[in-house]
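To find a chain, count down the sequence lines: A is the first, B the second, and so on, and within it residues start at 1. Nothing here was measured: the structure is a model prediction, and the numbers come from that model.
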Amino acid sequence: MELACISQNSPSLALSQTKSISLLKQSHAQLVKLSTPCNLSLTAKLVASYGKFGDLESALSVFDRCPQHPDAFLFNSLIQAHICGSLFRQAFQIYLQMLELGVSPNRYTFPLLLKACSTSFMLSQGAQLHAHCVKFGLNSSPFVTVALMDMYMKNGLIDSARRLFDRMVERDVVSWNAFLSGYSQNGRPEEALGVYNRMRVAGVTVDFVAIASVISACSQLRFLHQGKWIHSWVIKNGFGADVVISTALLEMYANSGDFWLTKKLFEEMPTKDLIAWNCLISCYVQSGMIGDSFELFRKMQHNGLKPNGSTLAGILPAVGRVGALHLVRSCHGFAIRNALDLDEYVMTALMDAFAKSSDLVAAQRLFNLIPNKSVVAWSSMIDGYGTHGYGAEPIILFEKMQENNIKPNHITYVGVLSACAHAGFVEEGQGYFRKMVDVHGIIPRLQHYACMVDMFARAGLFDDAVSLINQMPTEPSPGIWGALLGGCRIHGHVELGKFAAERLFELNSVDPGFYVLLSNIYAAAGMWSEVREIRSLMKQKGLRKPAGWSSIEIGNKVHCFISGDMSHSDSGKIYQKLEELMERISKVGYTPATKVVLHDVEADVKENVLRSHSEKLAMAYGLLKAAPGTPIRILKNLRTCEDCHVAAKFISKITNTEIILRDAVRFHHIKEGVCTCRDYW
DNA sequence: ATAGGGTTAG
């Protein structure tokens, strides 16, 4: 009854305040009963309200049953109803219908349609609408101008947006904010801060919407100090509870790598939206907390939030690091079931995870499916082929990428240079290093120098390696000396290896891998007293060589082995299979590479140690269990043992099986007795 | 009476 009262007094007010679809239907019925003479604006209200509740059928039927010729207001409502439900194509059809019926669009029509062009990147439709705005003389409306600016900004056309902004006579805070956020969203944070300063000089009262963009700009620039100052401003001005502002702050702390501060801010957030969860998950992943990030992913769903494309793109690098193919496949399945498999970010992240989990074929297949491949997609595919030991493919891809007008960035070059290093393409690598600086204007970072030193040292060009280190503008990092040390191990260069190791010790590097490398160099040269010296040095510093393990997935289960492992329930069969394999490969030329055993013990003891290495146990189990003809994928936590590598090549040949071995730094694709690393790793 | 600006991700 109360409802009837309100309806009679002010039916349109009642409609706009309707809180639920059932109340809306009641008011609608009331209106029909009252047989109010058909009122266009009331009809429009009804259409828009039904649209807001997602009941497009009712919206359309109200529209169709209106006996009067629809006006712009009524058309706008129908357009809005469709845009509310993301039915952009239909919204445009209604607009065309409106034009055909001779109803002129007004200054309310264009902001609605332009919004659709902003959110779904329909640039050509947006530009056509711009022409229509001019034609109907509506381009001076500030609402229309801001909507146009936003459409251009969201589509990356900063200059078009700026031209509109420059021509604006009266700029209010919303138009400034559209301009400011455009720069921030397009990855131009310096210019965003510039706009912010201009805004203040112009005397505009800055509001919290502007602040959200400023925080994002500070985050992109790693301006943590300024960011913290803004954080205090936010609290002082009472915006601390705003979910968008606090999410932007959260992202800033996550971006700066401050794990604890990020966690604290998240916990203190009064409302946590999907973006906040995604930021926190990414922060965990970037901090290397793989297990915790999975836990968080589950917890988020437990809290009733549904993962979107960003969530998946954020968690996938962690999945890739685990290297378990069945996990990547189940993520792919999850993406398909939730219609996220066409999201460009998800596709790229999936592709990368497949490559890192040894399925380069699946990675390539996904790569082919990505319609507009970003620089990240190209870089990831290049890196994938490179780490899998291919030399020519990364270079072909790199050239193709440039033919497609995608500009390489510093990460692309890390992939290209390391591929050249792994493949022994010294001249090509030097050429690309120069091109990086001269053509693409990228200042070489430590990683690039490390690739080059690695490339020279692997090729035995130690003079070039050392002179490059001397030319470096900054202090060499442990990674640089480590690359040199690695080359010294390959070529048995004791003196230089010792020199590189001394530099590493000076830098207080606590990576036990470097100590092991040096001790390997000494062991290979038979310098056992030096080996002992390194051992005791490690002991002194409390450093321990991590225990080696190899794992293999059978079905959806991961089986892990350590050297001499007897804990597996199929151990008897595994050792029997191993025995059989070793016997067969010995007949075709395999001899144990006992020199890799780093203890000063008798040869037969060494052979026994080698025989039960974790890689070999995993291989034997794989051959025991996997369907014939399918590749065997093994994951090793450290670098591959030389003897296991030789044995794997023989085994691949006699069993006609492809063995894909991922170690700490790269992949080995071993097929018909040959490895993609060409024994050069 | 209906319309414009903010946060995430490989």
Colleague: With a 4.0 Å heavy-atom cut-off, tell me which residues in residues 356-384 of chain A come close to DNA chain B, sorted by residue number.
Modeller: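 Those residues whose heavy atoms fall under 4.0 Å from DNA chain B, taken from residues 356-384 of chain A in numerical order, are Ser374(A), Val376(A).
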Colleague: Using the salt bridge (Lys or Arg N to Asp or Glu O under 4.0 Å) criterion, which residues pair with Asp71(A)? Sequence neighbours excluded.
Modeller: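 Partners of Asp71(A) by the salt bridge (Lys or Arg N to Asp or Glu O under 4.0 Å) criterion come out as none, since no residue qualifies.
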Colleague: Just grab all the salt bridge (charged side-chain N to carboxylate O under 4.0 Å, His left out) pairs involving residues 198-224 of chain A, residues at least two apart or on different chains.
Modeller: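 Listed by first then second residue: nothing to list.
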Colleague: Remember a base hit wins even if backbone is also touched, and classify Gln185(A) as base, sugar-phosphate or nothing at under 4.0 Å, heavy atoms.
Modeller: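 Sugar-phosphate only.
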Colleague: Does any residue of residues 261-278 of chain A have a heavy atom under 4.0 Å from DNA chain B, and if so, which ones, in number order?
Modeller: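 Asp273(A), Ile275(A), Asn278(A) - these, ordered by number, are the residues of the stretch whose heavy atoms sit under 4.0 Å from the strand.
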Colleague: With centres under 5.5 Å and planes under 30° as the test, does Tyr108(A) stack with dA3(B)?
Modeller: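 A stacking contact does not exist, since Tyr108(A) is not both close and nearly parallel to the base ring of dA3(B).
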Colleague: Starting from C1' on dG4(B), measure out to CD1 on Ile79(A) and report it in whole angstrom.
Modeller: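 After rounding, the gap between these two atoms is 16 Å.
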Colleague: Fit a plane to each ring of Phe165(A) and Phe179(A), take the angle between them on a 0 to 90° scale, and name the class: parallel (under 30°), tilted (30 to 60°) or perpendicular (over 60°).
Modeller: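 Parallel, since the angle between the ring planes stays under 30°.
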Colleague: For Asp172(A), which contact category applies under a 4.0 Å heavy-atom criterion: base, sugar-phosphate, or nothing?
Modeller: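 Base, at least one base heavy atom under 4.0 Å.
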Colleague: Write down the distance between CG (Asn255(A)) and C1' (dG10(B)), rounded to a whole number of angstrom.
Modeller: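 Asn255(A) atom CG is separated from dG10(B) atom C1' by 14 Å.
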Colleague: Can you name the salt bridge (Lys or Arg N to Asp or Glu O under 4.0 Å) partners of Asp64(A), sequence neighbours left out?
Modeller: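 None.
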Colleague: So, is Lys115(A) near the phosphate of dA3(B), with a side-chain N or O under 4.0 Å from OP1 or OP2?
Modeller: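 Result: no.
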Colleague: NA contact type, Val173(A), heavy-atom cut-off 4.0 Å: base, sugar-phosphate, or nothing?
Modeller: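 The answer is base, as Val173(A) lies within the cut-off (heavy atoms under 4.0 Å) of a base atom.
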Colleague: Going by heavy atoms in the side chains, are Phe354(A) and Arg365(A) under 4.5 Å from each other?
Modeller: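 Side chain of Phe354(A) against side chain of Arg365(A), heavy atoms only: no contact under 4.5 Å found.
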Colleague: Write down the distance between CG (Leu129(A)) and P (dA3(B)), rounded to a whole number of angstrom.
Modeller: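 Between P of dA3(B) and CG of Leu129(A): 17 Å.
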Colleague: Among dG6(B), dG4(B), dG10(B), which nucleotide sits nearest the side chain of Glu344(A)?
Modeller: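 Side chain of Glu344(A) sits closest to dG10(B).
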Colleague: Tyr345(A) stacking on dA9(B): centroids under 5.5 Å, ring planes under 30°?
Modeller: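 Yes, Tyr345(A) stacks on the base of dA9(B).
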Colleague: Nearest-Å distance, CD1 (Ile230(A)) to P (dT7(B))?
Modeller: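 It is 14 Å, rounded to the nearest whole Å.
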Colleague: So what does Lys154(A) hit on the nucleic acid, given a heavy-atom distance under 4.0 Å: a base, only sugar-phosphate, or nothing?
Modeller: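 Since only primed, P, OP1 and OP2 atoms lie under 4.0 Å of Lys154(A), the category is sugar-phosphate.
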Colleague: Could you pull out all residues at least two apart from Tyr196(A) that satisfy ring-ring contact (aromatic ring centres under 6.0 Å, His included)?
Modeller: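 Residues passing ring-ring contact (aromatic ring centres under 6.0 Å, His included) with Tyr196(A): none at all.
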Colleague: Kindly state which residues belonging to residues 204-221 of chain A come within less than 4.0 angstrom of DNA chain B, counting heavy atoms of the residue only, listed by number.
Modeller: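 Listed by number, they are Asp207(A), Phe208(A), Val209(A), Ala212(A), Ser213(A), Ser216(A).
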Colleague: To the nearest angstrom, how far is Leu114(A) atom CG from dG4(B) atom C1'?
Modeller: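 It works out to 10 Å between those atoms.
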Colleague: Going by the rule salt bridge (Lys or Arg N to Asp or Glu O under 4.0 Å), which residues pair with Lys264(A) if we only count those two or more places apart in sequence or in a different chain?
Modeller: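 Applying salt bridge (Lys or Arg N to Asp or Glu O under 4.0 Å) to Lys264(A) gives Glu268(A).
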Colleague: Atom CE of Met252(A) and atom C1' of dT7(B): how far apart are they, to the nearest Å?
Modeller: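 After rounding, the gap between these two atoms is 12 Å.
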Colleague: Excluding sequence neighbours, so at least two apart, what forms salt bridge (Lys or Arg N to Asp or Glu O under 4.0 Å) with Glu190(A)?
Modeller: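 In terms of salt bridge (Lys or Arg N to Asp or Glu O under 4.0 Å), with neighbours along the sequence ignored, Glu190(A) is linked to no residue.
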Colleague: In whole angstroms, how far is the P atom of dA9(B) from the CG atom of Leu305(A)?
Modeller: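 In whole Å, dA9(B) P lies 18 Å from Leu305(A) CG.
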Colleague: Do NZ/NE/NH1/NH2 and the carboxylate oxygens of Asp166(A) and Arg163(A) come within less than 4.0 Å?
Modeller: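 No.
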Colleague: For Leu112(A) and dT2(B), what is the distance between atoms CG and C1' respectively, to the nearest whole Å?
Modeller: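 These atoms are roughly 7 Å apart.
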Colleague: Just to verify, what does Phe223(A) make a ring-ring contact (aromatic ring centres under 6.0 Å, His included) with, not counting sequence neighbours?
Modeller: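 ring-ring contact (aromatic ring centres under 6.0 Å, His included) list for Phe223(A), sorted by chain: empty.
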Colleague: Under 4.0 Å from OP1 or OP2 of dG4(B): is there any side-chain N or O of Gln80(A) that close?
Modeller: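 Gln80(A) to dG4(B) OP1/OP2: no side-chain N or O under 4.0 Å.
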Colleague: Between Lys154(A) and Asp150(A), is there a side-chain N and carboxylate O pair less than 4.0 Å apart?
Modeller: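 Judged by the 4.0 Å cut-off on N to carboxylate O distance, Lys154(A) and Asp150(A) do form a salt bridge.
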Colleague: On a plain distance test, is the side chain of Ser310(A) in donor-acceptor contact with the base of dA9(B) below 3.5 Å?
Modeller: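 Yes, a donor-acceptor pair under 3.5 Å.
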Colleague: What pairs with Phe334(A) under ring-ring contact (aromatic ring centres under 6.0 Å, His included), at least two apart in sequence or on another chain?
Modeller: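 Listed in chain order: nothing, the list is empty.
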Colleague: Once side-chain contact (heavy atoms from CB on, under 4.5 Å) is applied, do any residues pair with Ser219(A), and if so which ones, sequence neighbours excluded?
Modeller: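 Here the qualifying residues are Glu251(A), Met252(A), Asn255(A).
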